[in-house]
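One structure is given here, and the rest of the page talks about it.
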Amino acid sequence: MPPVKEQEAVSRLMAFLKEWDSGNKVVRKRIMKDFISFNKGKTGPELEQEFSQGSSLFLARLTTWLKLSYMFGTCLSEILQSISVFLSATCSNRYKVEFVEFGGILILLEILGIKLVKEQQKVEALKLLQTLAATGRKYKELVCESYGVRAVAECLAKARSEETQEQAQVLLETLAQGNPKYQTQVYKGLIALLPCASPKAQQLALRALRPVQMIVTEAHPSIVNPLLAVLRTMHLEIQNEALQLIKYLMCTEVRPALLKGLVASLRPSRKESGKVRPQILDDPNVPQMTESLPVFIQQAAAAKAIGMLARESTELCHELIQLRVIHNLLFAMGNQDHMESQRQASLAVEYFILSFPVVEDQVMKAIGENLFQMLLDNADGLYMKIDNIQADILRSNQVNIPGVKEVTE
């Protein structure tokens, strides 16, 4: 560039920075909107040319104002979007280094936890963190070292919009990839989200756990109880995510504990399933939800999971039979308070009957020919209509099939 033009460019830059430095909130907001409109999508070298090799001076001003004003939300959306122009630009590693050295990661993580910050502004902060994390392992470690996993997980659990939750999930998955030092921390953070009150957060945590589980390979025992508890949800989309994760975990160390837990869920304790409300407290004109409904939903989901797993492999069938799964499935079939438990349990029992002659023989002896035939006639999965006596027979069955070697003979 000729000296005259170079001098003109420097003068324009100085005038631009002077306008920023002396401008109030309205002026700065206009400057940022113009900057975003004219420079979004430009590369690092193009930004340098636009600012006469002084783009870092404007980025420093943006970051400084972010640090001073993020607690109050002043022009926060425009500031974050302007910084995004720098960090998302091709060949922008220098900008990322400058932003991180100024404490940018900590500021973005703090924004996620401020209640007064708007959800869309949290989305912008999450996207900036994603941009940094996608750059490489070094930046992922910096986010994690700044207690990023906890901050993002809490944001996912408490966010008021689905977009915020989805962006938090994406960031957690990104932090687990190619980050061996902190991948287990991300994994445990996702497990900690399973009991949270937000159904959407549960669904996203379950969805993220599958790819993260593939990364960490070894399943942690702490995943078993929260995962089984998720089966109590009334949201089918969450239940389906849980079933798919259970299916994947069959090739990991927690397989025995999961199978044992599923079988136990078929027979809830009296304390869980027998809670009764005084009738005087109920309005006969309003449909009532019993306190035991979540337990019965879990019972039905466990029966569904067992049927799914049984169809996966004969080896799983053998392990389930040793855990007295037939005894507990018949018990679930006798649940007159929840028809879905009856249906899923009967479908699972039918599969075992058709696959193992010894199961067929033992079940027929335990419940009698009439009830046995009713079970087989229910092959289409329709709800069985049983009376109180038949329900008692199912619940009090004493089926105890021998070990796997004897079953296969």
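Quick note: residue numbers are just sequence positions, from 1. Since the model is a prediction, treat every value here as computed from it, not as a measurement.
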Review point. Is a side-chain donor or acceptor of Thr135 paired with a backbone partner of Leu132 at a separation under 3.5 angstrom?
Key: yes

For Val399, does its backbone N or O pair with a side-chain atom of Arg324 as donor and acceptor, under 3.5 Å?
yes

If you define the side chain from C-beta out and look only at heavy atoms, does anything of Cys91 sit under 4.5 Å from Thr43?
no

Between Ala89 and Gly44 the two heavy atoms that sit nearest each other are CB-N, 3.8 Å

Output for pair (Lys158 NZ, Leu112 CG), nearest 0.5 Å, gives 12.0 Å

Is any side-chain heavy atom of Glu319 less than 4.5 Å from a side-chain heavy atom of Val325?
no

key: Heavy-atom donor-acceptor pair, Thr217 side chain to Met214 backbone, under 3.5 Å   = no

Apply the test side chain to side chain contact (heavy atoms under 4.5 Å, CB included) to residues Val186 and Ile215: give CA-CA distance (whole Å), side-chain angles for both, the deciding distance (0.1 Å), then the verdict. CA-CA 11 Å; Val186 177; Ile215 293 170; over 6 Å; no

Open item on the list: Whether the side chain of Ser92 engages the backbone of Leu87 through a donor-acceptor N/O pair (distance < 3.5 Å, no angle test) should be reported.
Closed with: yes

(message) Between Tyr187 and Leu172, does the side chain to side chain contact (heavy atoms under 4.5 Å, CB included) criterion hold? Intermediate values first, please.
(response) CA-CA 9 Å; Tyr187 173 61; Leu172 286 172; over 6 Å; no

Problem set entry | Whether Gln167 side chain and Leu126 backbone form a donor-acceptor pair below 3.5 Å | no

### Message
When you compare the side chain of Val263 with that of Leu329, does any pair of heavy atoms fall below 4.5 Å?
### Response
no

**Item:** Contact check, side chains of Cys317 and Ser355, non-hydrogen atoms, under 4.5 Å
**Value:** no

Value for CD (Glu145) from NZ (Lys140), rounded to nearest 0.5 Å, stands at 14.0 Å

Quiz item: Using a distance-only test with no angle check, is there a side-chain donor-acceptor pair under 3.5 angstrom linking Asn93 and Lys96?
Solution: no

inquiry  = Hydrogens and angles aside, do His327 and Asn397 bring a side-chain donor and acceptor to less than 3.5 Å of each other?
reply    = yes

Closest non-hydrogen contact found for Cys155 with Thr164 is SG-CG2, 3.8 Å

Correct closest heavy-atom pair for Ile367 and Ile393 would be CA-CG2, 3.8 Å

**Residue pair Leu80, Tyr70: steps toward the side chain to side chain contact (heavy atoms under 4.5 Å, CB included) verdict** = CA-CA 10 Å; Leu80 293 173; Tyr70 75 92; over 6 Å; no

Original post:
Does the Asn179 side chain pair with the main chain of Arg137, one donor and one acceptor, at a distance under 3.5 Å?
Top reply: no

Would you call Arg255-Glu315 a salt bridge at under 4.0 Å N-O?
yes

Checklist line | CA sep, side-chain torsions, deciding dist, call: Gln130, Thr174, side chain to side chain donor-acceptor pair (under 3.5 Å) | finding: CA-CA 7 Å; Gln130 289 172 22; Thr174 304; over 6 Å; no

Residues Ala201 and Cys196: closest non-hydrogen pair is CB-SG, 3.5 Å

*Are the charged groups of Asp392 and Arg395 less than 4.0 angstrom apart, N to O?*
yes

Distance col, row Leu206:CG vs Gln203:CD, nearest 0.5 angstrom, shows 8.0 Å

Q: Give me the ring orientation class for Trp20 and Trp65: parallel if the planes are under 30° apart, tilted from 30 to 60°, perpendicular past 60°.
A: perpendicular

salt_bridge(Glu141, Lys181) N-O dist < 4.0 Å | no

### Query
For Ser56 and Arg94, does a side-chain donor sit closer than 3.5 Å to a side-chain acceptor?
yes

Expected output: side-chain Gln336 to main-chain Ala391 donor-acceptor under 3.5 Å:
no

Worksheet item: Do the charged groups of Arg30 and Glu19 touch, with an N to O distance under 4.0 Å?
Response: yes

**Asked** Counting only N and O atoms by type, is there a donor-acceptor contact under 3.5 Å from the side chain of Thr63 to the main-chain atoms of Leu59?
**Response** yes

Closest non-hydrogen contact found for Leu13 with Gly54 is CD2-CA, 3.9 Å

Quiz item: Do Glu241 and Arg210 sit within salt-bridge range, that is, some charged N less than 4.0 Å from a carboxylate O?
Solution: yes

Worksheet entry | 4.5 Å side-chain heavy-atom contact, Tyr95 and Val100 | no

Ser222/His220 under side chain to side chain donor-acceptor pair (under 3.5 Å): CA gap, chis, key distance, verdict: CA-CA 5 Å; Ser222 64; His220 196 273; 2.7 Å; yes

Side chains of Met374 and Ile386 in contact at under 4.5 Å (non-hydrogen atoms): yes

Can you check side chain to side chain contact (heavy atoms under 4.5 Å, CB included) on Ile246 and Leu262, steps first, answer last? CA-CA 10 Å; Ile246 287 171; Leu262 286 171; 4.2 Å; yes

| request: Using only heavy-atom distances, determine whether the side chains of Gln299 and Ser341 contain a donor-acceptor pair under 3.5 Å. | output: yes

| query | Would you say the side chains of Gln169 and Gln165 form a donor-acceptor pair under 3.5 Å? | reply | no

Val26 side chain near Lys29 side chain, heavy-atom distance below 4.5 Å = no

One should read off an interatomic distance between Ile83 CD1 and Glu78 CD, to the nearest 0.5 angstrom, of 12.0 Å

*asked:* Under a 3.5 Å distance rule, please check whether His338 uses its side chain to pair with a backbone N or O of Ala300 as donor and acceptor.
replied: no

d(Glu340 CD, Gln342 CD) to nearest 0.5 Å is 10.0 Å

Q) Within 45° of the axis and under 6.0 Å from the centre of the six-membered ring of Phe102, does NZ or CZ of Lys67 qualify? A) yes

Using a cut-off of 6.0 Å, state whether more than 12 heavy atoms not belonging to Arg150 lie near its atom CZ. no

task: Taking atom OH of Tyr248 as the centre, report whether more than 12 heavy atoms of other residues, nucleotides or ligands fall under 6.0 Å from it.
output: yes

Practice prompt. Could you check if a side-chain atom of Glu173 sits within less than 4.5 angstrom of a side-chain atom of Pro211, using non-hydrogen atoms only?
Written response: yes

ask   = With distance as the sole test, does Gln121 use its side chain to make a donor-acceptor pair with the main-chain N or O of Lys118 at under 3.5 Å?
value = yes

Just say parallel, tilted or perpendicular for the rings of Phe58 and Phe35, cut-offs at 30° and 60°. perpendicular

(Q) Under 6.0 Å from the ring centre and within 45 degrees of the ring axis: does the NZ or CZ of Arg267 meet both conditions for the six-membered ring of Phe331? (A) yes

Output for pair (Asn39 CG, Asp34 CG), nearest 0.5 Å, gives 10.0 Å

